[in-house]
Amino acid sequence: PPPPFFFHAAAGIPASVASRGLGDVYKRQGKPARPPSARPSAGSDSSGELPTSTDRQTEQNLPFNFRLLLVHGLFGQTGFRLVNAPTFLPDYLSLLAGSNSAVGIARALQSLGLFLSPLLSAAIIEGHARVKRFTVLFGIIQRIQILLLALTALLVPPQYAILVIWLVIGIWGFANGMQRVAFNVLMAKTIPPARRGRLVGLRNTASGFTILIVSLGGGVLVQQYGFPEGYGLTFLLGFALACLGLLAIVALRDCLLYTS
């Protein structure tokens, strides 16, 4: 006998409009006929689903958002790397406290904040249709810590500066963990999966070249102004670059959801 899903006219199935083609298969399987509106049409993807208005909005904003996220990586990542690189900040802490243990304590506090905050950030942004405001908010908190590092190096006496630096670095790590979650969600919503790898590669490559140039400038500041003013001015330079990157996020065109 023929398989149960194979149509035979002799089977006595009425040849109505709804029962032709795949409708016969569904009848043999005991399923309702697929309505014409649910069938794939021109412009639909391989799964037969029509693109939503949000998908079209994402594609329309893609060139603009792609360039802005590239600018954010160029300036934002460069600013943070300048301050958080394994040169200026550890060297400043070592000179400030006269001990390498001060560097280890600062790194431990930063890592602790980075470890604790992602779950809190995910709980805060969960259920919100738009997350750009959280990315901007957490980014502002990050940059305030860099500004406090610079002001501490320029204004606070060395005997008190180490305690302030430890506190600031701990808060910075906490804000960094929260911002990473929000930023990754924002990128997932605004950049389709096929473009994310290219964007991340371009961001890292561009910021890698710029950090070489900016690090030379930081070295000149340290040599010219010495300790601690030179380090404070270097941190201010990193703060300015990071703020330029944040402006790109502010101008980003957020969307409600991107479904991959």
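Reckoned from all heavy atoms, side chains included, excluding hydrogens, waters and symmetry mates.
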Q. Do T190 and L69 come within less than 4.5 Å of each other through their side chains, counting heavy atoms only?
A. yes
Q. Which heavy-atom pair separates V83 from G238 by the least distance, and what is that distance?
A. CG2-CA, 4.1 Å
Q) Roughly how far apart are L202 CG and L70 CG, rounded to 0.5 Å? A) 6.0 Å
Q.
Any non-hydrogen side-chain atom of S215 less than 4.5 Å from a side-chain atom of L82?
A. yes
Q: Could you tell me if the ring centre of Y92 sits under 6.0 Å from that of F227?
A: yes
Q: First locate atom CG of L74, then atom OG1 of T205, and finally report the distance between them rounded to the nearest 0.5 Å.
A: 11.0 Å
(Q) I'd like to know whether CZ of R133 has more than 12 heavy-atom contacts from other residues, nucleotides or ligands below 6.0 angstrom. (A) yes
Q: Calculate, to the nearest 0.5 Å, the distance between atoms NZ and CD1 belonging to K189 and I191 respectively.
A: 12.5 Å
Q) Among L252, I249, I140, whose side chain to side chain contact (heavy atoms under 4.5 Å, CB included) with T135 holds? A) I249
Q: List the atom of A106, the atom of L93, and the distance in Å for their closest heavy-atom pair.
A: CB-CD1, 3.5 Å
Q: Mind running side chain to side chain contact (heavy atoms under 4.5 Å, CB included) on I146 and V168 for me, showing each step along the way?
A: CA-CA 8 Å; I146 300 180; V168 168; over 6 Å; no
Q: For side chain to side chain contact (heavy atoms under 4.5 Å, CB included), just list the numbers for T210 and L241, CA-CA rounded to whole Å, side-chain angles, deciding distance to a tenth of an Å, and then say yes or no.
A: CA-CA 11 Å; T210 53; L241 292 173; over 6 Å; no
Q.
So V222 and D91, do their side chains get closer than 4.5 Å, heavy atoms only?
A. no
(Q) Could you see if I162 belongs to whatever hydrophobic cluster contains L155? Use Ile, Leu, Val, Met, Phe, Trp, Tyr and a side-chain cutoff under 4.5 Å. (A) yes
Q. Are L216 and F88 linked, directly or through other ILVMFWY residues, by side chains that come within less than 4.5 angstrom of each other?
A. no
Q) Going by distance alone, is a donor N or O of one side chain under 3.5 Å from an acceptor N or O of the other, for R81 and S207? A) yes
**Q.** Exam field: side chain K132 to backbone V250, donor-acceptor pair closer than 3.5 Å
**A.** yes
Q.
Using 0.5 Å steps for rounding, measure from the CG atom of L147 to the OG1 atom of T152.
A. 9.0 Å
Q.
Restricting to non-hydrogen atoms, name the atom on G232 and the atom on A150 that form the minimum distance, rounded to 0.1 Å.
A. O-CB, 3.5 Å
Q) Under a 4.5 Å side-chain heavy-atom rule over Ile, Leu, Val, Met, Phe, Trp and Tyr, are L167 and Y160 clustered together? A) no
Q) Under a 4.5 Å side-chain heavy-atom rule over Ile, Leu, Val, Met, Phe, Trp and Tyr, are I213 and L221 clustered together? A) no
Q. So with a 6.0 Å cut-off around CD of E126, is the heavy-atom count from everything else above 12?
A. no
Q. Taking Q110 as the fixed residue, which of W166, F174, W172 is the one that meets the side chain to side chain contact (heavy atoms under 4.5 Å, CB included) rule?
A. W172
Q) Do F183 and V200 sit in the same hydrophobic cluster, where Ile, Leu, Val, Met, Phe, Trp and Tyr count as joined when their side-chain heavy atoms come under 4.5 Å apart? A) yes
Q | CA sep, side-chain torsions, deciding dist, call: F235, L89, side chain to side chain contact (heavy atoms under 4.5 Å, CB included) | A | CA-CA 9 Å; F235 297 156; L89 185 58; 3.9 Å; yes
Q: Considering non-hydrogen atoms only, spot the tightest contact between M178 and F138 and give its length.
A: O-CD1, 3.4 Å
Q: Determine the minimum heavy-atom distance between A175 and I141, stating which atoms define it.
A: CB-CG2, 3.6 Å
(Q) For the backbone of G113 and the side chain of S117, can you confirm whether one donor and one acceptor N or O come within less than 3.5 Å of each other? (A) yes
Q: Taking all heavy atoms of D254 and all of V131, pick out the closest pair and write down the distance.
A: OD2-N, 3.3 Å
Q) Is the Lys NZ or Arg CZ of R143 less than 6.0 Å from the centre of F239's six-membered ring, within 45° of the axis? A) no
**Q.** Enclosure of F209 CZ (heavy-atom neighbours >12, cutoff 6.0 Å)
**A.** no
Q: With the side chain counted from C-beta on, respond yes when P192 and L62 share a heavy-atom pair under 4.5 Å apart, and no when they do not.
A: yes
Q) Which distance, rounded to the nearest 0.5 Å, do you find between the CZ of F66 and the CZ of R196? A) 12.5 Å
Q: Decide whether N204 and Q77 meet the rule of one side-chain donor and one side-chain acceptor closer than 3.5 Å.
A: yes
(Q) Out of the candidates N84, I171, L114, only one should pair with N176 under the side chain to side chain contact (heavy atoms under 4.5 Å, CB included) rule; please name it. (A) L114
Q. When rounded to the nearest 0.5 angstrom, what distance separates CD in Q142 from CZ in R180?
A. 8.5 Å
Q. Does the R203 side chain pair with the main chain of L199, one donor and one acceptor, at a distance under 3.5 Å?
A. no
Q | Neighbour count above 12 (heavy atom, 6.0 Å) for Y225 OH | A | no
Q: Compare all side-chain heavy atoms of Q179 with those of F134 and state whether any distance is below 4.5 angstrom.
A: no
**Q.** R253 side chain vs N65 backbone, donor-acceptor pair below 3.5 Å
**A.** no
Q) Is the backbone of R107 close enough, under 3.5 Å, to the side chain of S111 for a donor and an acceptor to pair up by distance? A) yes
